[in-house]
Amino acid sequence: MSAAAERPVSAAAERPMRRVLRLAAVVAAGAGLLAAGTEVRLPSVDLASTGGGAGSGALAARTTPVDRADLVCPGPETIGVRGVEPVGTAPAPAAVTGDTPPRSVAPSTVTSGSASPRAATDVRPDGAASVTAGALPGGALSSTAAGGTVRASTTGAGGVEITATGAAAPGFVAGQTTFVPSGDLRGLSSAACTAPSDDAWLVGGGTETGRRGRIVLVNPADNPVDVDVDVLGEGGAVRRSPGSSVAVPARSRIVLLLDALAPAVRSPVVHVSTTGGAVAATLSDAWLTGTRPTGVDDAVPSTAPGRRVLVPALLGGGPSSVRLASTGAAEAVAQVRLLGPKGPVDLPGRGVLRVPAGGTRTFDLGTLTPGGYLVEVRSDEPVVAGALVRRNGPTADELAWFGSTGPAGALAGAAGLGSGPGWTSSIVVGAPVERAQADLVTRAADGTSRSIPLDLAAGTTTTVPVSGVAAGTVAAWVRPRPGSGELFAASATTRQDPSGPLVTGVALRPAVLSRRLPVVVPER
């Protein structure tokens, strides 16, 4: 220990130091609750500014791997509307998968890759680690966990909380998939399991005859959370009703009917805000035209309103559209740009549309050729965006919602990809501005992984079928290489069915790898 560190600290200097240390402890404790971005940053505080005098130090920061990840899944979305329907079981189980990336994904160990995929068999995280699944509220939940992987299944009216600790936490991702093979709710839906938020935008759903939208709110905390739900439509902000404000009990879930909050509203966009805590919000969209199933899918929170938003993995092969909402106090003039495998795709009117303040608009993309696409929206006012693709079959139709996401950053991933006979999973990656190079790492159900090098020209997309490359793939991560341009990615899962094709997908979300902790450095 240095002589400076051994100097006694006066009582006057000790009091402000204790205050700063208590503040640092509170901030550090909350860091584990954040999961948006690749690094959790905590502020540095100069103790000298508190008037500490001799013996004070500076509150520096050090970076450490994140040691806890808490993600929340909606659970069965189509049951559980309080006071409207009896508590029962879902028509099919909600299957949840949580995965820790293999060690080859760690920034210090990822190599540049080779011309062909390379396999790895040792994918377990180093050091102490645990992954667990629990029901919210408590109830029947079947789950298994091994190494950095957890699987759970439930048909009950509740959410699912997935927790990874220790070495399993950095880069941990989770997703939920539900497959209903027949009946009114026939379809394939998926949702990324997310960290709770106090502000979320859900782009999706509708209130046409036969369309049932459900807003699922899950509170994993030990205290109740007050939630306000606002809906925007083509006519502007929808007048609030008594049901627009609810209290979600501690460690519980509430399901609201979209058409009860916004009857006969075209192109709805839902804004969920909270006080006293945070919730995980999901919008379930189920459509029935007469007796013909027209599709089911989930919309999870889009990126925050911005003047530039991007939606990856919009699939061709059927009618497609982009839905926008202007979230500010002024009309937005937006331009939709569509990128495909061969570059920009011409759009009617050069993709320009006006979105009223506090209102929504839908831009029709027509029927695109099969493939993966990237939608880029630029606007003079903040907007949120999502994309819809529809597929028609002999006796049933299908729909899929794709939400906006941020650039991959250091690492982005998704779990819950479909696998097995009849299933096809792909990763769609787009490079909107500059050439992008990355490694795509997939993980199979048996624990093996593969790394596939990616190299995209500026303004293009590529689609990588991962179910054929690694049989039984259940999770995937994209890690840009040093010097790469920004890239955006999403997964797309399809299933062949005699009644008609099934499709769903989720964006690869930026994963938390590390956090910055405050450290008191003695003054020298």
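Source: prediction; values computed, not measured.
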Original post:
Looking only at heavy atoms, what is the nearest atom pair of Thr100 and Pro170, with distance?
Top reply: CG2-O, 4.3 Å
Original post:
Is there a side-chain contact between Pro181 and Arg186 (heavy atoms, below 4.5 Å)?
Top reply: no
**OP:** Look up atom CG in Asp285 and atom OG1 in Thr207, then write down how far apart they are to the nearest 0.5 Å.
**Re:** 10.5 Å
**OP:** Please determine, by modelled atom types, if Ser321 and Thr362 share a side-chain donor-acceptor pair under 3.5 angstrom.
**Re:** no
Original post:
Can you check whether Gly295's main-chain N or O pairs, donor with acceptor, with Arg391's side chain at less than 3.5 Å?
Top reply: no
Subject >> Arg214 (side chain) donor-acceptor with Ala286 (main chain) under 3.5 angstrom >> reply: no
Original post:
Can you tell me how far CH2 of Trp287 sits from CG of Leu185, rounded to the nearest 0.5 angstrom?
Top reply: 15.0 Å
**OP:** Could you walk me through whether Val203 and Thr360 pass the side-chain contact (heavy atoms from CB on, under 4.5 Å) test, one step at a time?
**Re:** CA-CA 10 Å; Val203 182; Thr360 68; over 6 Å; no
**OP:** Could you check if a side-chain atom of Arg509 sits within less than 4.5 angstrom of a side-chain atom of Val173, using non-hydrogen atoms only?
**Re:** no
Subject >> Any side-chain heavy-atom pair of Glu398 and Leu188 under 4.5 Å >> reply: yes
Original post:
How far apart are the closest heavy atoms of Ala167 and Ala129, and which atoms are they?
Top reply: N-CB, 3.9 Å
Original post:
Would you find a donor on one side and an acceptor on the other, under 3.5 Å apart, between the side chain of Arg251 and the backbone of Pro220?
Top reply: yes
Subject >> Derivation of the side-chain hydrogen bond (donor to acceptor under 3.5 Å, both in side chains) call for Asp297 and Thr504 >> reply: CA-CA 7 Å; Asp297 204 11; Thr504 189; 2.9 Å; yes
Subject >> CA sep, side-chain torsions, deciding dist, call: Phe402, Val389, side-chain contact (heavy atoms from CB on, under 4.5 Å) >> reply: CA-CA 8 Å; Phe402 294 91; Val389 61; 3.6 Å; yes
Subject >> Step-by-step side-chain hydrogen bond (donor to acceptor under 3.5 Å, both in side chains) determination, Asp70 to Thr163 >> reply: CA-CA 5 Å; Asp70 293 288; Thr163 301; 3.0 Å; yes
**OP:** State whether the side chain of Asn219 and the backbone N or O of Val248 hold a donor-acceptor pair below 3.5 Å, judged by distance alone.
**Re:** yes
Original post:
What distance separates Leu324 CG from Ser404 OG, expressed to the nearest 0.5 Å?
Top reply: 10.0 Å
**OP:** Name the orientation class of the two ring planes belonging to His271 and Trp201 (parallel below 30°, tilted from 30 to 60°, perpendicular beyond 60°).
**Re:** parallel
Original post:
Below 4.5 Å, heavy atoms only, C-beta onward: do Thr178 and Thr78 meet side chain to side chain?
Top reply: no
**OP:** Inspect the contact between Glu376 and Arg337 and indicate whether a charged nitrogen and a carboxylate oxygen are less than 4.0 angstrom apart.
**Re:** yes
Subject >> Side-chain touch Arg212/Leu288, heavy atoms, less than 4.5 angstrom >> reply: yes
Subject >> Shortest non-hydrogen separation from Ser320 to Leu315 and the atoms involved >> reply: OG-O, 3.7 Å
Original post:
Do Ile452 and Val464 pass the side-chain contact (heavy atoms from CB on, under 4.5 Å) test, and can you show the C-alpha distance, the side-chain angles, and the key distance before you say yes or no?
Top reply: CA-CA 9 Å; Ile452 306 166; Val464 183; 4.1 Å; yes
Original post:
Considering only heavy atoms from C-beta outward, does the side chain of Asp397 approach that of Pro293 to under 4.5 Å?
Top reply: no
Subject >> Residue pair Thr463, Ser426: steps toward the side-chain hydrogen bond (donor to acceptor under 3.5 Å, both in side chains) verdict >> reply: CA-CA 6 Å; Thr463 302; Ser426 301; over 6 Å; no
Original post:
side-chain contact (heavy atoms from CB on, under 4.5 Å) with Pro480: which of Asp439, Val429, Leu487, Leu454?
Top reply: Leu487
Original post:
Less than 4.0 Å between a side-chain N and a carboxylate O, is that true for Asp228 and Arg240?
Top reply: yes
Original post:
Are the side chain of Thr289 and the backbone of Arg292 linked by a donor-acceptor contact shorter than 3.5 Å?
Top reply: no
**OP:** Please report the shortest heavy-atom distance between Arg253 and Gly159, naming the atom on each side.
**Re:** CD-N, 3.6 Å
Original post:
Cut-off 3.5 Å, side chains only: do Thr149 and Arg443 have a donor facing an acceptor?
Top reply: yes
Original post:
Leu338 versus Val375: any side-chain heavy-atom pair under 4.5 Å?
Top reply: yes
Original post:
To the nearest 0.5 Å, what is the distance between OH (Tyr373) and CG (Leu365)?
Top reply: 10.0 Å
Original post:
Pro263 and Leu261: which non-hydrogen atoms are nearest, and at how many Å?
Top reply: CD-C, 3.7 Å
**OP:** First locate atom CG of Leu141, then atom OG of Ser153, and finally report the distance between them rounded to the nearest 0.5 Å.
**Re:** 8.0 Å
**OP:** Inspect the contact between Glu234 and Arg266 and indicate whether a charged nitrogen and a carboxylate oxygen are less than 4.0 angstrom apart.
**Re:** yes
**OP:** Report the distance from atom CG of Leu440 to atom OG of Ser451, rounding to the nearest 0.5 Å.
**Re:** 7.5 Å
**OP:** Step by step, work out the side-chain contact (heavy atoms from CB on, under 4.5 Å) result for Val322 and Val311.
**Re:** CA-CA 9 Å; Val322 179; Val311 183; 5.7 Å; no
Original post:
Which atom pair, heavy atoms only, marks the closest approach of Ala385 to Val377?
Top reply: CB-CG2, 4.4 Å
Subject >> Any donor-acceptor pair under 3.5 Å from Asp298 side chain to Thr282 backbone >> reply: no
**OP:** Could you tell me whether the side chain of Thr493 reaches within less than 4.5 Å of the side chain of Thr177, counting heavy atoms only?
**Re:** no
